[in-house]
Trainee: 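Got a structure here, written out as structure tokens. Questions coming.
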Amino acid sequence: MSGAHAVDTGVLDDPAGTALSGPHAAFARRHGLAACYDPAVTPFAALPAGADARAWGDLAALVGPGGRAVVIGDHPVPPGWQITWQDEVVQLVDATIAVADEPAAVPLGAADVPEMLDLVQRTKPGPFLARTVEMGSYLGIRQDGRLVAMAGERMHPPSFTEISAVCTDPAYRGQGLATRLIRAVAAGVRRRGETPFLHAASDNTAAIRLYEAMGFAVRRQLTFTVVVAPD
């Protein structure tokens with residue numbers, strides 16, 4: 001894999017946990033065996049392998065009664081917790097991506113968040129909150145001054161960066177905007193000496209085929225579960 005062959009891909013088995021104990025430590029909140037991102041940044045949380053009642057209790061203390069978290073991995077959810085969404089997700093890692101800067105792309109920051117949230121609301125690419133933009137670099141493409149496509153960086157395990165929030169306004173699909181933005185974000189990741197990776201729902205075969213055609217390789221499946229803590 002380009003940029004990936006010399007590093008340990010094992011950190012991608014728990015991308016939230018290894019990010020929170022590494023490059024994203026500044027966003028981390030911890031209690032006992034559990035960790036999570038600042039809830040204004042992203043709802044992802046981390047539990048140890050074989051998480052027991054104590055670990056889940058620590059997570060409940062972190063998120064508070066009725067608090068929401070996204071956990072990654074095969075963690076049996078204990079009684080009292082509510083599962084609001086669960087899916088199998090395919091993790092893909094850069095193998096032979098032809099990265100390229102995108103002349104039409106503009107950097108997105110805090111001032112662009114209202115537009116970014118509006119685009120996310122209309123396209124549903126996954127969790128994106130008011131401070132998610134702080135997790136990494138985000139790029140967008142505008143048409144007639146309007147933000148119509150974007151992509152950026154989310155979880156950041158050591159030596160890897162996740163490409164996320166890939167979305168295009170329905171009126172502008174079919175123009176390759178998402179592909180161009182992924183290549184541009186990947187170019188920035190590669191310049192830092194890191195390896196891009198991303199996730200796709202396992203039943204989204206069209207997206208998986210597109211990513212494989214771009215040069216991503218399927219690494220493994222992971223379970224993503226949205227849970228709500230007991231009241």
Side-chain angles (χ1 to χ4, degrees), residues 1-5 12 15 19 23 42 89-157 159-219:
M1 295 180 181
S2 298
H5 61 280
L12 300 181
T42 189
V89 173
V90 175
Q91 186 180 80
L92 301 100
V93 183
D94 172 14
T96 57
I97 304 173
V99 301
D101 291 321
E102 172 52 51
V106 295
L108 300 174
D112 303 293
V113 166
E115 282 186 284
M116 298 169 79
L117 290 172
D118 178 67
L119 182 60
V120 165
Q121 179 63 31
R122 289 184 285 112
T123 57
K124 311 295 185 186
F128 188 92
L129 305 176
R131 291 181 53 203
T132 302
V133 70
E134 298 176 21
M135 298 180 77
S137 298
Y138 280 79
L139 298 176
I141 292 178
R142 295 182 180 278
Q143 296 283 353
D144 299 320
R146 182 186 181 199
L147 183 66
V148 300
M150 73 174 190
E153 302 173 358
R154 190 167 63 180
M155 288 183 281
H156 192 176
S159 300
F160 294 87
T161 297
E162 180 194 20
I163 298 177
S164 183
V166 180
C167 53
T168 303
D169 185 304
Y172 293 87
R173 289 175 182 165
Q175 302 178 28
L177 302 183
T179 298
R180 286 155 53 187
L181 285 172
I182 291 171
R183 294 191 192 281
V185 174
V189 174
R190 285 258 200 93
R191 274 194 290 271
R192 296 198 301 265
E194 298 171 351
T195 301
F197 74 105
L198 46 72
H199 296 102
S202 59
D203 60 357
N204 191 351
T205 55
I208 294 169
R209 283 197 301 268
L210 171 64
Y211 296 147
E212 289 180 317
M214 290 181 65
F216 286 94
V218 172
R219 177 176 176 267

Trainee: Can you see which heavy atom on P15 is nearest to which on P157, and at what distance?
Mentor: O-CG, 3.7 Å
Trainee: Begin from the C-alpha positions of R180 and L139 and carry the test side chain to side chain contact (heavy atoms under 4.5 Å, CB included) through to its verdict.
Mentor: CA-CA 10 Å; R180 286 155 53 187; L139 298 176; over 6 Å; no
Trainee: Give a yes or no on whether the backbone of R146 and the side-chain of D144 come within a donor-acceptor separation of less than 3.5 Å.
Mentor: no
Trainee: Hey, what do you get for OG1 (T123) to CZ (R173), rounding to the nearest 0.5 Å?
Mentor: 6.5 Å
Trainee: So which heavy atom on L12 is nearest to which on V93, and how close?
Mentor: CD1-CG2, 3.6 Å
Trainee: In Å and rounded to the nearest 0.5 Å, what is the CD1 to OH distance from I163 to Y211?
Mentor: 9.0 Å
Trainee: Rounded at 0.5 Å granularity, tell me how far CG in L198 sits from OG1 in T161.
Mentor: 12.0 Å
Trainee: Is it true that a side-chain atom of R154 and a backbone atom of T42 form a donor plus acceptor pair closer than 3.5 Å?
Mentor: no
Trainee: So, for A105 and L181, which heavy atoms are closest and what is the spacing to 0.1 Å?
Mentor: CB-CD2, 3.9 Å
Trainee: Measuring from atom CZ of F128 to atom CG of L117, what distance do you get when rounded to the nearest 0.5 angstrom?
Mentor: 6.0 Å
Trainee: Which heavy atom of L147 sits nearest to which heavy atom of R122, and what is that distance?
Mentor: O-NH2, 4.3 Å
Trainee: I'd like to know whether F160 forms a side chain to side chain contact (heavy atoms under 4.5 Å, CB included) with E194, so could you lay out the CA-CA distance, the side-chain angles of the two residues, the decisive distance to 0.1 Å, and finally the verdict.
Mentor: CA-CA 5 Å; F160 294 87; E194 298 171 351; 6.0 Å; no
Trainee: Side chain to side chain contact (heavy atoms under 4.5 Å, CB included) between Q143 and Y172: does it pass, once the steps are laid out?
Mentor: CA-CA 9 Å; Q143 296 283 353; Y172 293 87; 3.6 Å; yes
Trainee: Rounded to the nearest 0.5 Å, what separation is found between the CE atom of M116 and the SG atom of C167?
Mentor: 8.0 Å
Trainee: Could you walk me through whether D112 and Y138 satisfy the side chain to side chain contact (heavy atoms under 4.5 Å, CB included) test, starting with their C-alpha distance in whole Å, then the side-chain angles of each, then the deciding distance to 0.1 Å, before giving a yes or no?
Mentor: CA-CA 10 Å; D112 303 293; Y138 280 79; over 6 Å; no
Trainee: Under 4.0 Å between a side-chain nitrogen and a carboxylate oxygen: does that hold for D101 and R191?
Mentor: yes
Trainee: Please find the pair of heavy atoms, one from G136 and one from E153, that lie closest to each other, and give the distance.
Mentor: CA-OE1, 3.6 Å
Trainee: If you look at every heavy atom in E212 and L92, which pair is closest and at what distance?
Mentor: CG-CD2, 4.1 Å
Trainee: Determine the sole option in I141, V166, T168, V120 for which the side-chain contact (heavy atoms from CB on, under 4.5 Å) test with M150 is passed.
Mentor: V120
Trainee: Which residues pass the salt bridge (Lys or Arg N to Asp or Glu O under 4.0 Å) test with R183, sequence neighbours left out?
Mentor: none
Trainee: Looking at CE of M214 and CG of D94, how far apart are the two atoms once the value is rounded to the nearest 0.5 Å?
Mentor: 9.5 Å
